[in-house]
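What follows is one structure encoded as structure tokens, with my remarks underneath.
Chain naming here is simple, since letters A, B, ... match the order of the sequence lines and numbering starts at 1 in each. Just so you know, these numbers use all the heavy atoms, side chains as well, and skip hydrogens, waters and symmetry mates.
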2 protein chains.
Amino acid sequence: MISIHKALKEKGLKVTPQRVAIYKAVVDCKNHPTVENIIDTIKMEYPSISVGTVYKVLNVLVSNDLLRKVESEKEVMRYDAVLEHHHHLFCMDTDRIEDYEDKELDILVAAYFKKKEIKNFKIENFKLHITGKFIK
Amino acid sequence: MISIHKALKEKGLKVTPQRVAIYKAVVDCKNHPTVENIIDTIKMEYPSISVGTVYKVLNVLVSNDLLRKVESEKEVMRYDAVLEHHHHLFCMDTDRIEDYEDKELDILVAAYFKKKEIKNFKIENFKLHITGKFIK
DNA sequence: TTATTAAAAGAGAATAATTATCTTTGCAGA
DNA sequence: TCTGCAAAGATAATTATTCTCTTTTAATAA
């Protein structure tokens, strides 16, 4: 987990209580929160925060690589504070999305693409979207 | 490529000129069109078509597995007429998205997951989101 | 072929999510 | 502590999408 205070400074961004709180809300929310989830969480600490500020701060954090957007088929955007290379497990029945890290798999796939190139395309990164069901 | 006329009948859906035209527009558009792209395309044939109809038909086609939504980080939804298992190449610099089929890779990854299960999760499907750059 | 009917299309209002604009506030360096 | 610029706040505007209601039409059977 990164120090948001330090990270903002390094990017030349002002450290404001809102930015810190919004970042922490995304971390705390777990399970890739929507903006609505984030607003709900942050309102506990900042009851008066403006919705526009939340959107603006999220965009600033995403465009400075301090947060990621999660790719999905749904209308509402979801956010992820985990920056390390990882994959996602999507539940078919609910909106649950879990992070999935697997170095062995990463190595396997990277080796495959090193051997077999995709024509007309230079790969920078890859990510698995795994759909299925969570079991108890 | 499926016969949309036959496919609609099989699903017990009425075959209407709009549905056929919208389906064909998605196929013709290539590169995973947005609703806007689809509307632009279809307006050539159907200048009077209602925007609401396009949305409604797309939802019907998606929920009957005749089209797929493309997962993305962007606000606007994009559609795909290719139903076969495949992956996507995302251009880092533009909005271009290309289909990528690779049976060998599918087998490799499937074999990996057969051997190494993810705990508490039953995999139904997986899909690679490959980001990078298209080269001439 | 025509009549019937349920489903789909059309039109436009409504909603939801997000962005933009403008003013006020406050962080950070001098 | 002071000052300037970046960020927050408030709210309007925009965009994408859905909903509601009416009209039309495809599909079935007489």
Checklist entry - B/V35 or B/Q18: which one's nearest nucleotide on DNA chain D is closer to the 5' end? => result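 First, find each residue's nearest nucleotide; the 5'-ward one identifies B/V35.
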Next on the checklist: By nearest heavy atom, map B/V76 and A/S48 onto DNA chain D; which one lands nearer the 5' end?
Outcome noted: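 The residue whose closest nucleotide sits nearer the 5' end is A/S48.
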Find the distance [X]:[atom1] to [N]:[atom2] and express it as a whole number of Å.
X     : N      : atom1 : atom2 : answer
B/L58 : D/dT17 : CG    : C1'   : 11 Å
B/I38 : D/dA16 : CD1   : C1'   : 13 Å
B/R19 : D/dA26 : CZ    : P     : 11 Å
B/K69 : D/dT18 : NZ    : C1'   : 11 Å
B/E36 : D/dA16 : CD    : C1'   : 10 Å
B/Y55 : D/dC19 : OH    : P     : 13 Å
B/K56 : D/dT25 : NZ    : C1'   : 13 Å

[X] versus [Y]: any side-chain heavy-atom pair under 4.5 Å?
X     : Y     : value
A/Q18 : A/I49 : yes
B/N59 : B/K69 : yes
B/H86 : B/D80 : yes
B/H32 : B/D99 : yes
A/L58 : A/L67 : yes
B/V35 : B/V76 : no

Checklist entry - Once the angle between the rings of B/F113 and A/Y100 is folded into 0 to 90°, is it parallel (under 30°), tilted (30 to 60°) or perpendicular (over 60°)? => result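 Answer is tilted, since the angle falls between 30° and 60°.
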Next on the checklist: What's B/T53 touching, base or sugar-phosphate or nothing? Going by heavy atoms closer than 4.0 Å.
Outcome noted: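 B/T53: base contact, heavy atoms under 4.0 Å.
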Checklist entry - Taking everything shown except A/E73 itself, do over 12 heavy atoms lie less than 6.0 Å from its CD? => result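 Yes.
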Checklist entry - Are there more than 12 heavy atoms of other residues, nucleotides or ligands under 6.0 Å from atom NZ of B/K11? => result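 Count over threshold, so yes.
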Checklist entry - What is the minimum heavy-atom distance between A/V82 and A/R68, and which atoms define it? => result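 Between these two residues, the closest heavy atoms are O-CG, 4.4 Å.
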Next on the checklist: Can you give me the first and the last nucleotide of DNA chain C (5' to 3') that has an atom within less than 4.0 angstrom of a non-hydrogen atom in chain A?
Outcome noted: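 The footprint of chain A covers C/dA17 to C/dA28.
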Next on the checklist: Just to be sure I understand the geometry, which residues of residues 60-68 of chain A put a non-hydrogen atom under 4.0 Å away from DNA chain C?
Outcome noted: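 None, since no heavy atom is under 4.0 Å.
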Checklist entry - In residues 5-15 of chain B, which ones come under 4.0 Å of DNA chain C, going by heavy atoms? => result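 Those residues whose heavy atoms fall under 4.0 Å from DNA chain C, taken from residues 5-15 of chain B in numerical order, are B/L13, B/K14.
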Checklist entry - Would the B/F126 and A/H88 ring centres measure less than 6.0 Å apart? => result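 Ring-ring flag for B/F126/A/H88: false, centres at least 6.0 Å apart.
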